[in-house]
Amino acid sequence: KAKGDSMNKKGINSGDLLLVRQQQTAKNGDLVVALINDEATIKEYKVLDNAVALIPHSTNNKHKPIILTNDFIIQGIIVTVLAGLPV
């Protein structure tokens, strides 16, 4: 279940349920669930020269790209968003 507004420009809103394919790899442009310091985040995955960027797509300017060289795990790829469905 998504929490927050860091991906609302991609149609992922707080409270949406996400269908995630469990895998530990991603390619440029994939929307991923990444684990950073025991906290999950949903962002666009982008490979840089010597790092990885997790890019938010938000109407809220407080969200900035997260640049990582290690210490993160890709938990899966977003397959679809089940917007606002009751649990």
Side-chain angles (χ1 to χ4, degrees):
K1 188 172 186 178
K3 181 179 173 186
D5 63 357
S6 69
M7 292 300 286
N8 61 7
K9 283 186 175 180
K10 289 287 187 178
I12 300 173
N13 298 294
S14 195
D16 288 349
L17 295 177
L18 305 172
L19 181 60
V20 179
R21 180 180 340 117
Q22 186 177 354
Q23 63 184 62
Q24 294 183 337
T25 60
K27 60 184 190 290
N28 277 330
D30 283 345
L31 299 184
V32 301
V33 177
L35 191 63
I36 306 167
N37 299 324
D38 295 325
E39 187 172 326
T41 187
I42 301 164
K43 302 286 185 283
E44 179 184 348
Y45 181 85
K46 184 173 182 181
V47 177
L48 305 174
D49 286 335
N50 294 318
V52 167
L54 299 177
I55 311 291
H57 292 275
S58 179
T59 55
N60 185 339
N61 291 333
K62 78 173 186 175
H63 298 291
K64 305 295 181 202
I66 302 167
I67 308 299
L68 301 162
T69 55
N70 55 22
D71 295 332
F72 75 99
I73 299 169
I74 300 296
Q75 292 192 309
I77 305 297
I78 306 299
V79 175
T80 193
V81 178
L82 306 169
L85 292 178
V87 177

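Everything quoted here is computed from the prediction, not taken from an experiment. All residue numbers refer to positions in the sequence shown, counting from 1.
Looking at Q75 and Q24, their side chains never come closer than 4.5 Å, going by heavy atoms from C-beta outward. Residues I67 and L48 are in side-chain contact: their nearest non-hydrogen atoms beyond the backbone lie under 4.5 Å apart. With contacts defined as side-chain heavy-atom distances shorter than 4.5 Å, the pair I66/V52 does not qualify. Between V20 and I77, every side-chain heavy-atom pair lies at or beyond the 4.5 Å cut-off. Side-chain contact between L19 and I78: absent, with no pair of heavy atoms (C-beta onward) separated by less than 4.5 Å. By the 4.5 Å heavy-atom criterion applied to side chains, I36 and D71 are not counted as neighbours.
At distances below 3.5 Å, not a single donor-acceptor pair connects side-chain atoms of N37 with backbone N or O atoms of E39. Of the possible donor and acceptor atoms, one in the side chain of S58 sits under 3.5 Å from a partner among the backbone N and O of D5. Not a single donor-acceptor pair under 3.5 Å links the side chain of S14 to the backbone N or O of K3. The backbone N or O of V47 sits less than 3.5 Å from a side-chain atom of N28, completing a donor-acceptor pair.
If you check the side chains of K43 and S6, you find a donor sitting under 3.5 Å from an acceptor.
Note that NE2 of H57 and NZ of K10 are 4.5 Å apart. Values are rounded to the nearest 0.5 Å. The CD1 atom of I55 sits 11.5 Å away from atom CG of L31, with the distance rounded to the nearest 0.5 Å. To the nearest 0.5 Å, atoms OG1 (T25) and OH (Y45) are separated by 8.5 Å.
Applying the side-chain hydrogen bond (donor to acceptor under 3.5 Å, both in side chains) rule to T59 yields the partners N8; only residues at least two apart in sequence or on another chain are considered.
When all heavy atoms are compared, the tightest approach of L54 to V32 is CD2-CG2, 4.1 Å. Nearest heavy-atom pair, L35 versus A40, reported as atom, atom and distance to 0.1 Å: CD1-N, 3.8 Å.
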Start with the C-alpha distance between L18 and I42, add both sets of side-chain angles, then the distance that settles side chain to side chain contact (heavy atoms under 4.5 Å, CB included), and finish with yes or no.
CA-CA 10 Å; L18 305 172; I42 301 164; 3.1 Å; yes

